[in-house]
Amino acid sequence: VFHFQAAVLRAPRETISVEQIAVDELRGDDVLVRIKASGLCHTDLEVVDGSVDVPLPAVLGHEGSGVVESLGPAASGVNIGDHVVLSWKPSCGHCFYCVRGQPILCEPTSQAATAGTLLDGSRRLLAHDGPLNHFGFVSSHAEFAVVPARSAIVVPAALPPEIGALIGCGVATGVSAVIRTGELEPDSNVAVIGCGVVGLSAIAGARLAGANVIVAVDPNSTRLALAEGLGATVLVQAGDEIPTAVRNATAGRGADLVIEAVGRSDVFSQAIEAARPGGKVVLLGKVAADARISLPWSALMGERQIRRSSYGGARPLRDFPFLAQMYLAGRLDLDSLITSRHRLDGINQAFDSVRAGTEIRAVVTH
Ligand SMILES: [Zn+2]
Ligand SMILES: [Zn+2]
């Protein structure tokens, strides 16, 4: 039996308790990872605040990085001592969706994630009062995590752990939305609506891909200043009419690619209207599942290609090492995304500051 500290959420809107939990034995392809950094992604906060429903009690955290400590009997593809970024989407490779090239929709992975288990349908984490649910196979708000081998993506040891954590969710989503789902061509004009971690990563990705004009839209001037530092060439304080502002910055046509990273029904509509005829729109934000969206019909005219994506088309095995390499080569500037560091026992205060909206990304480090 192996003991370590973990942040346990027992019910929505309750204080998270940092307590000693146990893992009895590694099974199958389990990988035990010593966590070095764990980002407080907004999805965690939605669970804490009760707007997203997952099986509780659970150890949250789905944006983590660390070092492989030990391996289950069938774990392959990783070695003890490897530096890894954890993935909340460890696709199986052979289900209906995986064989059709849509691993983000992997059926067994989605079922296990919804149930709060690992891929074999069981749980590894034990609190004093019973088993704990896993969160997206990662559960990184802890000193250690037990993940399936497919969720442990090896990256260079030189990658700072905090940057590794962000690559696991927010950065992969934003950069991939531009270069994978958006298939951005050099010399294109891009508009990014919403400058949190995902939007700012999309801006960094647009610069990496050789975009010409990069319009950043956000109501907050501090975030717009960060956007400028990452490569935005036109700053638009939201509240201005977004489609008009984007058209003004793109010879009157609208952007070749619009990335929406806000998650508000009225912004979805404005994002689509900000794209040029024939342009692409990637909607990354989310609203309540039963929310209605209304659009002027003209927004759907003109051969626009509209895609909704939850991970921007990122494929962890391909993209985590790629993003790490780009960071290490100085081509993807991600340091400014980390706005505060916390100890594990300060996680409730860290979530308070995420809730207050003052963070780009708060990170728990060990
Ligand atoms: Zn996330
Ligand atoms: Zn699958």
Side-chain angles (χ1 to χ4, degrees), residues 7 9 29 35 37-49 51-52 54 58-65 85-115 117-121 134-141 145 147-151 153 162-177 194 196-202 259 261-263 283-286 308-320 323 334 337-339 347 350-351 354-355 359-364:
L9 179 71
D29 73 342
I35 298 296
S38 183
L40 274 67
C41 181
H42 210 266
T43 308
D44 291 340
L45 184 65
E46 288 167 12
V47 176
V48 174
D49 289 348
S51 58
V52 165
V54 304
V59 177
L60 301 182
H62 62 280
E63 197 184 81
S65 74
V85 169
L86 304 181
S87 162
W88 51 260
K89 203 67 208 187
S91 53
C92 78
H94 45 72
C95 72
F96 177 91
Y97 290 111
C98 282
V99 298
R100 285 164 177 76
Q102 297 176 303
I104 187 72
L105 299 174
C106 175
E107 283 177 329
T109 308
S110 305
Q111 281 158 14
T114 304
T117 66
L118 292 185
L119 291 168
D120 66 358
H134 296 257
F135 185 58
F137 310 99
V138 173
S139 292
S140 55
H141 294 333
V147 305
R150 260 188 270 260
S151 280
I153 313 297
E162 302 163 356
I163 299 297
L166 269 61
I167 283 176
C169 185
V171 167
T173 303
V175 176
S176 303
V197 165
V198 171
L200 290 170
S201 299
I259 304 291
V262 178
L283 305 174
L284 297 171
K286 54 181 186 283
R308 158 75 180 118
S309 178
S310 60
Y311 212 178
R315 297 201 184 171
L317 265 171
R318 174 190 64 189
D319 289 314
F320 292 0
L323 294 167
L334 305 173
L337 302 182
I338 296 163
T339 44
I347 195 162
F351 272 118
V354 176
R355 197 178 285 111
E359 303 283 350
I360 299 299
R361 186 62 98 229
V363 182
V364 171

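Ligands are counted one by one from 1 in listed order, and the atoms in each one are counted from 1 as well.
The backbone N or O of Pro90 sits less than 3.5 Å from a side-chain atom of Thr109, completing a donor-acceptor pair.
The aromatic rings of Tyr311 and Trp88 sit parallel to each other, their planes meeting at less than 30°, with 60° as the upper class boundary.
Note on Cys106: counted as a metal contact of the Zn ion (ligand 2), an N/O/S atom lying under 2.8 Å. Not a single N, O or S atom of His42, from either the backbone or the side chain, sits less than 2.8 Å from the Zn ion (ligand 1).
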Practice item. Please test His141 against Ser38 for side chain to side chain donor-acceptor pair (under 3.5 Å), starting from the C-alpha separation and ending with a verdict. Key: CA-CA 6 Å; His141 294 333; Ser38 183; 2.7 Å; yes
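The SG atom of Cys92 and the SG atom of Cys95 subtend an angle of 110° at the Zn ion (ligand 2), given to the nearest 10 degrees. Rounded to the nearest 10 degrees, the angle SG (Cys41) to the Zn ion (ligand 1) to NE2 (His62) equals 110°.
Residues Glu46 and Ser51 have side chains that never bring a donor and an acceptor to within less than 3.5 angstrom of each other.
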